[in-house]
Amino acid sequence: MDNSEIAQVFEELAILSEMKGDVVFKVRAYQRAARTIEQLSLSLEKAVSDEVDLKTIPGVGSAISSKIKELVTTGKMETYEKLASELPPGVLTLMNVPGIGPKTAMLVATELGASTVEEMESAILAGRLSALPRMGEKTAENILRHIRSLRSKDGRTPIGQALPIAESIIASLREACPDVREMEYAGSLRRWQETIGDIDIMGTAHDAQPIIDALASLPSVQQVLVKGPKKTSVVVHPGIQVDLRIVDDDSYGALIQYFTGSQQHNVRLREYAVQRGLSLNEYGITVLETGTLEKFADETSFYGRLDLPLIPPEVREGMWELDIASRGDMPYLLELSDIRGDLHVHSNWSDGRDSIEDMVGTLAAKGYQYMALTDHSAGLGVANGLSIERLRQQRTVLDTVQQGCPMKLFHGSEVDIRADGSLDYPDDMLAELDVVIASVHSGLGQSSEKMTARIINAMHNPHVTAIGHPTGRLLGTRDAVEADMEALLQAAADTGTAMEVNASPWRLDLKDTHITRARELGVPLIINTDSHATEEPEAMRFGVAIARRGWCEPHHVLNTMPLERFQAFLSTPKPQRLRVFAGLG
DNA sequence: GCCGTTTTCGGCCCGACTGTTTTCAGTCG
């Protein structure tokens, strides 16, 4: 049972507990635990078997700690089972509909006998819902609308799709309204979560009305939901909600802080503020004793008023960031400008769109010191993988391109890890390459045991520099392979194999919690774009952001090394090269 | 159910919006 499954049980336990009528604080405790568990880098299953004290996890005390242990060891939780059996079947399902909370779900299940969304729908159509206490025609209509919108779209949007939309809306609004001063996206987008619920745009201007009008009249807008003086909401193609808020300059700091969240971070920040006699809201900070509202033009001064440094949006998840920041221990997190090379790049020699020369030119223009050309190996026929002969030819071509190129060009390959764990080129061929990225592309349905052993086997090869896109997931399209991530990361640390953070916004693989764990175990990380065309090296910013969510500093990431040190790393045999990575070699 | 430079007991974040109501419950972020 993995962490997200455990988190799911606590999320549902919170709902059941609320329906039963438990005090809200108990409900919130379950909720908070669920959200913390979801973010945890360490597998709880492993923590329990290692007898780690779970009470060190924020929001986990003795009761929740023993519930986790029960769940991990028996696969069940008595409290949950008992509550679920006492309540009408299907109540949890009903809550998937927006606008339906625990109270309404209970009412619908008990009074109307509905246990599925379909049964609820027909009860509403028969007019039975609006007859209930505190329910009316409007409520019934709204629920029906939500049921229908639930069917028409599938939840959250991958960040790679949402971010360009947000950026283009901001550009359009700035162009249409020169009066706009500050303007940026907030919410989960600004925290670089891998998927986005809706797009929040915040800004300042002398007059909000022209901006609101400009948004409502953008060609991509499908529907205007709310058009008020303070808040405007529209739906843009392809069905993403965009909220816009415009305030005066002097309130912008509190506004952007509030709407960046996360909710959990804001809850903790407000608790922290209350202890200091201050109350926070989206307008500013109120001194409780005097009732005066202080305003802040930017986030730095907002956090500063709480004696805190600016906490980077990527780590505002309500975990330990507040403790770390208040101790003065907030590290310098990796920036895009720290990246000195890209080590996973394809050309039209395999399945890339553009020539070696064009790819090299694009990367050199970014000011990188080095790159690795890593076309696919022969086994990947669908990707026009390179035979040994073509691979050697490519080397001579690359040597020619290197002439007069200011950037060091490494010759590499993205070598397929076959189903049995062997690699697609013989060792003597691999030894000729500067950089070897070993990746799984087929046999993705293997059992966890097989897949784990398969990847670890590749790590034991002395020529394998890194494992590429380790879980193989495609956001919203393909699930991660079954594998024991803890075992993989441990093996990476033991063998001196780097793990890739694939920056493609459709992959983001490793993901944030894996990155945190890798960092804790001393595994070298490499952030690569896996580019197949000249516009794709831009994706490096996604990789850097996801690494920041994993609290990466430059020294956790291999391709922040200056060229000379990176060459020293490559030329030192595994696993001794870890000493070079750690700055000891 | 959690937690402690106020506390081992008594607190526990803040506000907007909606729809149903005559003062507020439910939901959301």
Side-chain angles (χ1 to χ4, degrees), chain A residues 10 13-36 54-68 79 94-108 129-143 145-146 156 186-191 193 196-200 202 225-226 228-233 241 243 245 254-255 257-286 288 293 306-307 316 318 322-323 326-327:
Chain A
F10 277 100
L13 180 63
I15 296 166
L16 293 172
S17 161
E18 185 167 6
M19 287 173 171
K20 183 198 158 204
D22 279 330
V23 287
V24 287
F25 303 109
K26 193 165 169 177
V27 176
R28 277 192 212 146
Y30 288 144
Q31 251 166 13
R32 184 181 173 201
R35 276 152 214 180
T36 305
L54 301 179
K55 294 203 287 296
T56 54
I57 301 166
V60 175
S62 58
I64 291 181
S65 167
S66 50
K67 283 186 173 66
I68 293 172
T79 316
L94 299 180
M95 285 203 38
N96 290 328
V97 179
I100 302 273
K103 295 278 159 40
T104 314
M106 255 320 242
L107 197 67
V108 170
L129 182 89
S130 44
L132 295 178
R134 296 201 65 83
M135 292 290 138
E137 288 299 328
K138 281 280 183 64
T139 308
E141 262 173 49
N142 282 337
I143 294 174
R145 204 184 68 234
H146 282 129
R156 300 174 67 84
S188 49
L189 201 49
R190 185 159 177 253
R191 302 198 313 279
Q193 275 204 180
I196 305 302
D198 50 27
I199 296 173
D200 299 300
M202 308 291 136
L225 299 173
V226 183
K230 281 189 174 170
K231 175 189 164 175
T232 304
S233 296
Q241 184 172 334
D243 295 343
R245 283 178 178 79
L255 180 82
Q257 195 288 322
Y258 177 85
F259 282 104
T260 297
S262 67
Q263 197 187 348
Q264 206 62 23
H265 173 81
N266 286 353
V267 166
R268 299 219 48 212
L269 195 65
R270 286 185 203 135
E271 287 170 355
Y272 177 89
V274 166
Q275 287 171 6
R276 284 154 186 77
L278 301 169
S279 172
L280 313 182
N281 63 23
E282 61 264 54
Y283 305 109
I285 299 180
T286 306
L288 289 171
L293 176 71
L306 302 168
D307 296 323
R316 295 183 198 169
L322 212 51
D323 309 313
S326 63
R327 283 201 310 266

Self-check item: Lys/Arg cation over aromatic A:Y272: A:R268, 6.0 Å, 45° cone
Solution: no
Which part of the nucleic acid does [X] contact within heavy-atom distance under 4.0 Å: base, sugar-phosphate only, or nothing?
X: A:S262; value: nothing
X: A:E137; value: sugar-phosphate
X: A:V274; value: sugar-phosphate
X: A:K67; value: sugar-phosphate
X: A:P102; value: sugar-phosphate
X: A:F259; value: nothing
X: A:V60; value: sugar-phosphate

OP1, OP2 of [N] versus side-chain N and O of [X]: anything below 4.0 Å?
X: A:N281; N: B:dG15; result: yes
X: A:S62; N: B:dG1; result: no
X: A:R28; N: B:dC13; result: yes
X: A:Y272; N: B:dT5; result: no
X: A:N142; N: B:dG19; result: yes
X: A:T139; N: B:dT20; result: yes

Starting the side chain at C-beta, find the nucleotide from [options] nearest to [X].
X: A:E271; options: B:dC12, B:dG29, B:dC14; value: B:dC12
X: A:T104; options: B:dC24, B:dG26, B:dC13; value: B:dG26
X: A:K26; options: B:dG19, B:dC14, B:dG1; value: B:dG1
X: A:R270; options: B:dT20, B:dC2, B:dC13; value: B:dC13
X: A:Y283; options: B:dA16, B:dT18, B:dG1; value: B:dA16
X: A:K103; options: B:dC24, B:dC14, B:dG26; value: B:dG26

Quiz item: Can you tell me how far P in B:dT21 sits from the matching atom in B:dA16, rounded to whole Å?
Solution: 24 Å
Quiz prompt | B:dC2 versus B:dC13 - spacing of their P atoms, nearest Å | solution = 15 Å
Practice problem: Report the C-alpha separation of A:Y30 and A:I64 in whole Å, then their side-chain angles, then the decisive distance to 0.1 Å, and conclude whether the side chain to side chain contact (heavy atoms under 4.5 Å, CB included) test is met. | Solution: CA-CA 8 Å; A:Y30 288 144; A:I64 291 181; 4.1 Å; yes
Quiz item: Does the base of B:dG15 carry an N or O that pairs as donor and acceptor with the side chain of A:E282 under 3.5 Å?
Solution: no
Self-check item: Donor-acceptor pair present, A:Y258 side chain and B:dG15 base, under 3.5 Å
Solution: no
Exercise. Identify the nucleotide, in any strand shown, that forms a Watson-Crick or G-U wobble pair with B:dT8, with both distances under 3.5 Å; if there is none, say none.
Key: none
Quiz prompt | Face-to-face stacking of A:F25 with B:dC2, centres under 5.5 angstrom, angle under 30° | solution = no
